[in-house]
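As structure tokens, the structure follows; a few thoughts come after it.
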Amino acid sequence: MDHAADAHRTDLMTITRFVLNEQSKHPESRGDFTILLNHIVLGCKFVCSAVNKAGLAKLIGLAGETNVQGEEQKKLDVLSNEVFVKALVSSGRTSILVSEEDEEAIFVEPSKRGKYCVVFDPLDGSSNIDCGVSIGTIFGIYVVKDGIEPTLHDVLQPGKNMVAAGYCMYGSSCTFVLSTGTGVHGFTLDPSLGEFILTHPDIQIPKKGKIYSVNEGNAKNWDGPTAKYVEKCKYPKDGSSPKSLRYIGSMVADVHRTLLYGGIFLYPADKKSPNGKLRVLYEVFPMSFLMEQAGGQSFTGKERVTFLIRYCAN
């Protein structure tokens, strides 16, 4: 046996160790966030396992219901939602849960409440489940105001008020990307250890990228500026090389590639969807939070996404 190699494997920076190290920088911390994050990580491990054996376990296909967005639910959608709701409630650190799959927000019973609100898409990109494309879980975390009964206003906040955001991508490897407001860090699941290991410390999006990512099938419904920009990507007039089109159709996978390789990911509004189709609370805000923490930018086309507050007044 290679004892030296085995000893090295015990000195890995796991996600639990990483978060505990961050916690030690805040003497006033009671460890609530660490406990909450551990439960999110556990939920991701469970969903990763379910995704990997979806075909064998007959989890692929429709569950026969539609979610609040009017989309047909996959069996894995339903399972993933149940997993995360139970994991978050059992943490004892949450007050309100908002999931893409549930029509109403979930208010945790008082005996199990904590100070955090979690918004999440339990399985983003689920339309790609049947063909094996990377899918993922997206989440964002807010803090409830002290001494006040939790209400929907605790989660209907601008994205800049999030204390943490992240996603877990289930693909050729299981990758967990997290920001607590001090940079972005990526962890990869080691199946032999059952642990997420730090593999991408302090992710910084490249200042220049060669990739644009957009569904050009909607091009006929775009407004003029959007169509003009994409045309410029394909046919630059300044003598530079054209940008490469890469579009997976799973937001987690497209954003992950953009974080690592640079470029731009677009999902513009169009004539069919004048307000766009991405969900602000549990898709746009968390991903924008990550992008900004990695040195990138996120815009609606008119304003900075994480400062968006109009929808909160509805």
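- Remark: Lys25 engages Glu22 in a salt bridge, criterion side-chain N to carboxylate O under 4.0 Å.
- With a 6.0 Å radius and a threshold of 12 heavy atoms from other residues, nucleotides or ligands, Phe299 has its CZ atom above the threshold.
- Glu195 places none of its side-chain heavy atoms less than 4.5 Å from the side chain of Arg17.
- Here the two rings, on Phe120 and Tyr282, have centers that are 6.0 Å apart or farther.
- The shortest distance between side-chain heavy atoms of Leu88 and Tyr116 does not fall below 4.5 Å.
- For the pair Phe187/Ile197, no side-chain contact is recorded, criterion being any heavy-atom separation below 4.5 Å from C-beta on.
- Take Ala105 and apply the side chain to side chain contact (heavy atoms under 4.5 Å, CB included) test, not counting sequence neighbours, and it matches Ile96, Val98, Phe107, Leu152.
- In Glu104, the CD atom is not crowded: 12 or fewer heavy atoms of neighbouring residues, nucleotides or ligands sit closer than 6.0 Å.
- Using a cut-off of 4.0 Å between Lys/Arg side-chain N and Asp/Glu carboxylate O, Glu216 and Lys234 are scored as salt-bridged.
- When each of Lys160, Gln297, Arg304 is tested with Glu292 by the rule side-chain hydrogen bond (donor to acceptor under 3.5 Å, both in side chains), just one qualifies, namely Arg304.
- Contact of the Leu193 side chain with the Leu12 side chain is registered, since non-hydrogen atoms from C-beta on lie closer than 4.5 Å.
- Salt bridge Asp32/Arg30: present, at least one basic N to carboxylate O contact under 4.0 Å.
- Judged by distance alone, with hydrogens and angles left aside, the side-chain atoms of Asp254 form no donor-acceptor pair with the main-chain N or O of Met251 at under 3.5 Å.
- In summary, the aromatic rings of Tyr229 and Tyr212 are positioned with their centroids too far apart to meet the 6.0 Å limit.
- If you look at Phe139 and Phe176, their ring centroids are closer than 6.0 Å.
- In this structure, NZ in Lys75 is found 14.5 Å from CG in Leu123, a value given to the nearest 0.5 Å.
- A donor-acceptor pair is defined here as one N or O able to donate and one able to accept, closer than 3.5 Å; such a pair exists between the side chain of Ser213 and the backbone of Arg246.
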Exercise. Decide yes or no on side chain to side chain donor-acceptor pair (under 3.5 Å) for Thr226 and Asp223, but give the supporting numbers first.
Key: CA-CA 6 Å; Thr226 301; Asp223 61 22; 2.7 Å; yes

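- Grouping Ile, Leu, Val, Met, Phe, Trp and Tyr by side-chain contacts under 4.5 Å, direct or through others, leaves Tyr235 on its own.
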